[in-house]
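Side-chain atoms are counted along with the backbone in the values below, which use heavy atoms only and exclude waters and symmetry mates. Letters A, B, ... are given to chains in the order of the sequence lines, protein chains preceding strands, and every chain is numbered from 1. Since we're looking at a predicted model, the values are computed, not measured.
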Number of protein chains: 2
Amino acid sequence: MIVRQAANVLEIMEFFAQTRKPATLAEIADHFGWPRSSTFNLLATLSEKGYLYEPRPRAGFYPTPRWLAMARMISEVEPLPPWTHTLVTDLSAETGETASIVAPAGVMAVFIDVVESKAAIRYFATIGHRVPIHATASGRALLLQYSQEERDSVYRKIEFKQYGPSTPISIEAVETELRNSIQRGYCQSFGDYSRDLAGAAIPLPISDRRLSVVVAGPEFRIGPKVEEVAALIARTVDRLRPKAAA
Amino acid sequence: MIVRQAANVLEIMEFFAQTRKPATLAEIADHFGWPRSSTFNLLATLSEKGYLYEPRPRAGFYPTPRWLAMARMISEVEPLPPWTHTLVTDLSAETGETASIVAPAGVMAVFIDVVESKAAIRYFATIGHRVPIHATASGRALLLQYSQEERDSVYRKIEFKQYGPSTPISIEAVETELRNSIQRGYCQSFGDYSRDLAGAAIPLPISDRRLSVVVAGPEFRIGPKVEEVAALIARTVDRLRPKAAA
DNA sequence: GGAAAATGTACATATATGTGAATTTATATG
DNA sequence: CATATAAATTCACATATATGTACATTTTCC
């Protein structure tokens, strides 16, 4: 069950992150199609808690820097080592595609760092974006780091859907693909989840965290050079990862 | 009316900002005294929206960097000019007290930048902290920048409460205090809102934003030197504010 | 300067939502 | 390895909550 008002808080914040300017109650209510009275209650709650204020009289609400202060606190802990950001930056620059660091979240994989391609036609992803762990290159690069028991436990919760012609729709299909990936030396996906999208990924264990790096883009661009891209990822990781570390 | 689940989202995030480590469903539920089922729904909602993930298997949830990305987006717009942070840093260092930048939020004043005193006994405030606009030095320094009509409009919404012996409990009392502040050259408060707390503040208009700076601390330390502190604030603003700017 | 339009606020009520109890899944213990 | 204990999930129902309606205030426009 989705908690509506919790989701609404996030939507409001995303709204401000997009528009980047104060908005009045009426504007917000109209934008979301929410009743004024409900919008009023929500804005009042956020204001009372010190997360919204009125930068100038009558110009509407805007988030206080409290969001930033809180987010900084949260992200200061075990931040990704700086070289991982260099990694995705370099990969995106050299391939011209979108490169990301990905982490597990149950049956999903979450993007925790993203550098977008500059191409007009590109894979559009943002930090926080989620994809099925079994039907994507990045996700399978995570699964490779699990023990058999852990994988089984994940499989039990997966609802296998035919996202595209090549989506693995059974545990055995996924396991087979994982074995192939080990053979191949990298994980790949051709529209397994998103139409026309292809990607190459490899596991990226950092201390005891199980992460993965992925480069993804339109099938017609990635297709011909998956192997090359995968090799580049591996080389770049080798180059950037501190030698001493695990 | 307070929107409970909206408030809960904020509480969860604050919880993570404090503990700074992953927490399981059970831990979160116990911490807040929430039923597990409700906690489950909330965590699922936050996860589904890409704001929570599971950094390592079975170690519980933690916010994704998406919070940070969003907060950065929001705060990039019209950030406070850098010299205002220097201002509060310097003021806190020189006075040994807590120094803050404050902005209006209806009948309240919100702290939008805070440098805390290092003293054991000190004014404890955080970004996002709110105080009544009419019963605090910082708030009155905001009111001084309003036109008479705007002030009247604010007064109509204030619920005058006797927070302490010196709290102004009528419009006339507030207006008188404002006139005195102009005479004096700065705003002050001695326990008008918080017991034992004293502060000195002056208006800090920046472009078309109405802000104020305040230095606050225990009455016994601030009391004897309010005038001195106020003068210091004024001098420091003079020193740091770019000459060309309005 | 006055009327009309837009915006913000309060409250009772029907209904969407949170929750207690039951079920399933995972982990610890003998 | 079986059993016990703890954690995570599901679901039907009573109740806390979102909202329609009415009212107040502010702003716009003529």
Side-chain angles (χ1 to χ4, degrees), chain A residues 1-12 22-48 52-62 104-108 146-159 171, chain B residues 1-12 22-49 52-54 56-62 104-108 146-159 171:
Chain A
M1 171 192 282
I2 235 185
V3 181
R4 183 126 61 96
Q5 292 293 25
N8 288 351
V9 170
L10 304 175
E11 303 246 306
I12 285 207
T24 62
L25 189 155
E27 282 166 357
I28 296 172
D30 292 350
H31 175 87
F32 291 105
W34 295 340
R36 296 254 162 111
S37 47
S38 313
T39 308
F40 174 74
N41 291 335
L42 190 52
L43 293 181
T45 302
L46 293 177
S47 299
E48 243 169 70
L52 240 39
Y53 75 125
E54 288 139 85
R56 32 209 113 197
R58 232 163 291 114
F61 295 88
Y62 201 71
V107 298
M108 305 296 270
Y146 285 39
S147 71
Q148 187 64 57
E149 291 74 39
E150 290 172 319
R151 276 212 297 280
D152 287 340
S153 156
V154 170
Y155 292 151
R156 250 171 272 135
K157 298 186 191 156
I158 292 179
E159 209 196 330
I171 294 178
Chain B
M1 172 190 282
I2 236 185
V3 181
R4 183 125 62 99
Q5 292 294 27
N8 287 351
V9 170
L10 304 174
E11 304 243 306
I12 286 208
T24 62
L25 188 154
E27 283 166 356
I28 296 172
D30 292 349
H31 174 88
F32 291 106
W34 296 340
R36 298 239 164 134
S37 49
S38 315
T39 308
F40 174 76
N41 291 336
L42 231 197
L43 293 181
T45 302
L46 294 177
S47 300
E48 243 169 71
K49 287 236 140 204
L52 240 41
Y53 76 125
E54 287 137 84
R56 29 207 118 200
R58 234 163 289 113
F61 296 87
Y62 199 73
V107 300
M108 305 297 270
Y146 286 40
S147 70
Q148 186 64 55
E149 290 75 38
E150 289 171 320
R151 276 210 299 278
D152 288 340
S153 156
V154 171
Y155 292 151
R156 248 170 274 135
K157 298 184 191 155
I158 292 179
E159 210 195 329
I171 295 178

Just the rounded figure in Å: distance from P of dA10(C) to CG of L43(A). 14 Å

Residue closer to the 5' end of DNA chain D, D152(B) versus T39(A) (nearest nucleotide): T39(A)

With respect to the side chain of P35(B), which nucleotide from dT9(C), dG20(D), dG20(C) is positioned closest? dG20(C)

Distance check: side-chain N/O of Q5(A) vs OP1/OP2 of dT17(C), anything under 4.0 Å? no

Return the value, rounded to whole Å, for the distance between atom CG of L42(A) and atom C1' of dA18(D). 11 Å

Once hydrogens and angles are ignored, does a donor-acceptor distance under 3.5 Å link the base of dG20(C) to the side chain of S37(B)? yes

Less than 4.5 Å apart, any side-chain heavy atom of F61(B) and any of I12(B)? no

To the nearest 0.5 Å, atom OG1 of T24(A) lies from atom CD of E54(A) at 11.0 Å

From CA spacing to verdict: side-chain hydrogen bond (donor to acceptor under 3.5 Å, both in side chains), N8(A), Q5(A): CA-CA 5 Å; N8(A) 288 351; Q5(A) 292 293 25; 2.8 Å; yes

Would you please confirm or rule out a distance under 4.0 Å between OP1 or OP2 of dT15(D) and any side-chain N or O of R4(B)? no

Nearest to the side chain of S153(A), which nucleotide is it out of dT19(C), dT19(D), dA26(C)? dA26(C)

Please determine if a side-chain N or O atom of R156(B) lies less than 4.0 Å away from the OP1 or OP2 oxygen of dT26(D). yes

Criterion side chain to side chain contact (heavy atoms under 4.5 Å, CB included) on L42(B) and W34(B), from CA distance to verdict: CA-CA 11 Å; L42(B) 231 197; W34(B) 296 340; 3.8 Å; yes

d(I158(A) CD1, S153(A) OG) to nearest 0.5 Å is 10.0 Å

Please give, in whole Å, the distance from dT9(C) C1' to L25(A) CG? 9 Å

Can you work out whether A26(B) or N41(A) has the more 5'-proximal nearest nucleotide on DNA chain D? A26(B)

Whole-Å distance, L52(A) CG to dG8(C) P, equals 13 Å

Starting at atom CH2 of W34(A), determine the distance to atom C1' of dA18(D), rounded to an integer number of angstrom. 12 Å

Could you check how far CD1 of I2(B) sits from P of dA18(D), rounded to whole Å? 11 Å

Judged by each residue's nearest nucleotide on DNA chain C, which is more toward the 5′ side, F40(A) or V3(A)? F40(A)

Once you round it to whole Å, what is the distance between P of dA16(C) and CG of N8(A)? 15 Å

Value in whole Å for how far the P atom of dT25(C) lies from CZ of R36(B): 18 Å

